[in-house]
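Taking it in order: structure first as structure tokens, then the write-up.
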Amino acid sequence: MVLTHLKDAGIVKHLHEITGIGHRVVAGGEVFTDSAVITDKSLRQIHKLAEFAPLHNPIEEEYINIFQQLLPDVPQVAVFDTALYANMPKINALYPIPYEYYKQYGARKYGAHGTSHRYVSARTAELLGKPYPT
């Protein structure tokens, strides 16, 4: 459906024009602290992290699989909404609950909409002529 829309809209004439595919994946947990090239290993990790975003990660995993079948030689990259917050200091990331819940279940603050927040804050810094912290 997406590929048909791209062709119908005149964005691409032939599928071989597509040289890369990007995916927004909600939950990257502490595994993905930056964008990642899709490999068998990273796809397994996205699958395991579905418990943190059960309405989002499984659907995106399905799209990744579909694109792998339709365009097997085209590289795919995932950007993770949680990546901006993955390295948040534990004092800020952990809930005031027993530490075992974090160790056993991964219960911590992961943040949301990090891709949008990163863009807005970087663009604001640019417009103000200020350095953007990395």
Side-chain angles (χ1 to χ4, degrees):
M1 183 164 104
V2 172
L3 297 174
T4 301
H5 178 70
L6 291 173
K7 288 173 79 174
D8 291 347
I11 296 169
V12 296
K13 291 183 181 175
H14 303 284
L15 296 182
H16 70 269
E17 295 175 51
I18 298 172
T19 59
I21 301 167
H23 300 274
R24 172 194 168 253
V25 178
V26 171
E30 293 178 314
V31 176
F32 296 101
T33 60
D34 207 344
S35 300
V37 173
I38 299 296
T39 62
D40 290 341
K41 180 181 178 183
S42 62
L43 192 54
R44 283 192 305 275
Q45 291 169 317
I46 290 169
H47 177 79
K48 288 179 185 176
L49 292 163
E51 67 181 316
F52 295 108
L55 298 178
H56 300 283
N57 277 34
I59 298 299
E60 199 55 51
E61 179 187 0
E62 187 177 326
Y63 277 113
I64 292 167
N65 284 321
I66 289 169
F67 279 104
Q68 282 180 331
Q69 291 173 17
L70 295 174
L71 301 168
D73 297 324
V74 176
Q76 298 187 69
V77 174
V79 60
F80 299 88
D81 271 358
T82 55
L84 182 63
Y85 313 102
N87 293 319
M88 183 179 359
K90 294 274 191 262
I91 193 166
N92 302 109
L94 297 181
Y95 291 108
I97 58 177
Y99 189 71
E100 304 88 66
Y101 297 170
Y102 165 68
K103 295 304 280 179
Q104 186 171 355
Y105 306 110
R108 59 158 278 183
K109 299 171 195 166
Y110 285 99
H113 308 288
T115 52
S116 296
H117 293 176
R118 183 183 311 253
Y119 171 78
V120 169
S121 58
R123 181 70 175 125
T124 300
E126 180 184 330
L127 291 171
L128 294 174
K130 302 284 184 182
Y132 181 73
T134 56

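Along the sequence shown, the residues carry numbers beginning at 1.
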Within-4.5 Å side-chain heavy-atom neighbours: Arg24 and Asp81: yes
State, to 0.1 Å, how close His23 and Phe67 come at their nearest heavy-atom pair, and which atoms those are. CE1-CD1, 3.9 Å
Determine the interplanar angle of the His14 and His16 rings, folded into 0 to 90°, and report it as parallel if under 30°, tilted if 30 to 60°, perpendicular if over 60°. parallel
Compare every heavy atom of Arg118 with every heavy atom of Leu84, then report the nearest pair and how far apart it is. CA-NH2, 3.3 Å
Other residues, nucleotides, ligands: >12 heavy atoms within 6.0 Å of Glu17 CD: yes
Please determine whether the number of non-hydrogen atoms from other residues, nucleotides or ligands lying under 6.0 Å from atom OH of Tyr132 exceeds 12. yes
Indicate the ring-plane relationship of Phe52 and Tyr110, choosing parallel, tilted or perpendicular according to the 30° and 60° boundaries. tilted
When you group the ILVMFWY residues by side-chain heavy-atom contacts below 4.5 Å and let the links chain together, are Val120 and Met88 in the same group? no
Member of Ile66, Leu70, Ile64 meeting the side-chain contact (heavy atoms from CB on, under 4.5 Å) criterion with Gln68: Ile64
To check you understand the geometry: which heavy-atom pair defines the closest contact between Ala53 and Pro58, and what is its length? O-CD, 3.5 Å
Given side chain to side chain contact (heavy atoms under 4.5 Å, CB included), test Leu94 with Tyr99 step by step and report yes or no. CA-CA 8 Å; Leu94 297 181; Tyr99 189 71; 3.6 Å; yes
Do Val26 and Leu49 have side chains that get closer than 4.5 Å, going by heavy atoms? no
When you look at CG of Asn92, are more than 12 heavy atoms from neighbouring residues, nucleotides or ligands closer to it than 6.0 Å? yes
Would a 4.5 Å heavy-atom cut-off, applied to side chains only, mark Lys109 and Tyr85 as touching? no
Just by modelled atom types, is the Ala83 backbone N or O under 3.5 Å from a matching donor or acceptor in the Thr33 side chain? no
Would you indicate whether the side-chain heavy atoms of His47 and Leu43 approach each other to under 4.5 Å? no
Would you compute the distance between atom CG of Leu71 and atom OG1 of Thr19 and round it to the nearest 0.5 angstrom? 10.5 Å
salt_bridge(Lys103, Glu100) N-O dist < 4.0 Å: no
Ile11, Ile21: one ILVMFWY side-chain cluster at the under-4.5 Å cut-off? yes
Could you go step by step and tell me if Ile46 and Ile38 meet the side chain to side chain contact (heavy atoms under 4.5 Å, CB included) rule? CA-CA 10 Å; Ile46 290 169; Ile38 299 296; 3.9 Å; yes
Look at atom NZ of Lys48 and say whether more than 12 heavy atoms of other residues, nucleotides or ligands are closer to it than 6.0 Å. no
Less than 4.5 Å apart, any side-chain heavy atom of Lys7 and any of Leu15? yes
Which heavy atom of Ser35 sits nearest to which heavy atom of Val77, and what is that distance? CB-CG1, 4.1 Å
All heavy atoms of Phe80 vs all of Thr115, minimum pair found to be O-CG2, 4.0 Å
Backbone N/O of Ala27 and side chain of Asn57: donor-acceptor pair under 3.5 Å: yes
Taking Glu30 first and then Lys90, would you say they form a salt bridge - that is, a charged N and a carboxylate O separated by under 4.0 Å? yes
Quick check on His113: does its NE2 atom have over 12 non-hydrogen neighbours (other residues, nucleotides or ligands) under 6.0 Å away? no
Any donor-acceptor pair under 3.5 Å from Ser42 side chain to Val37 backbone: yes
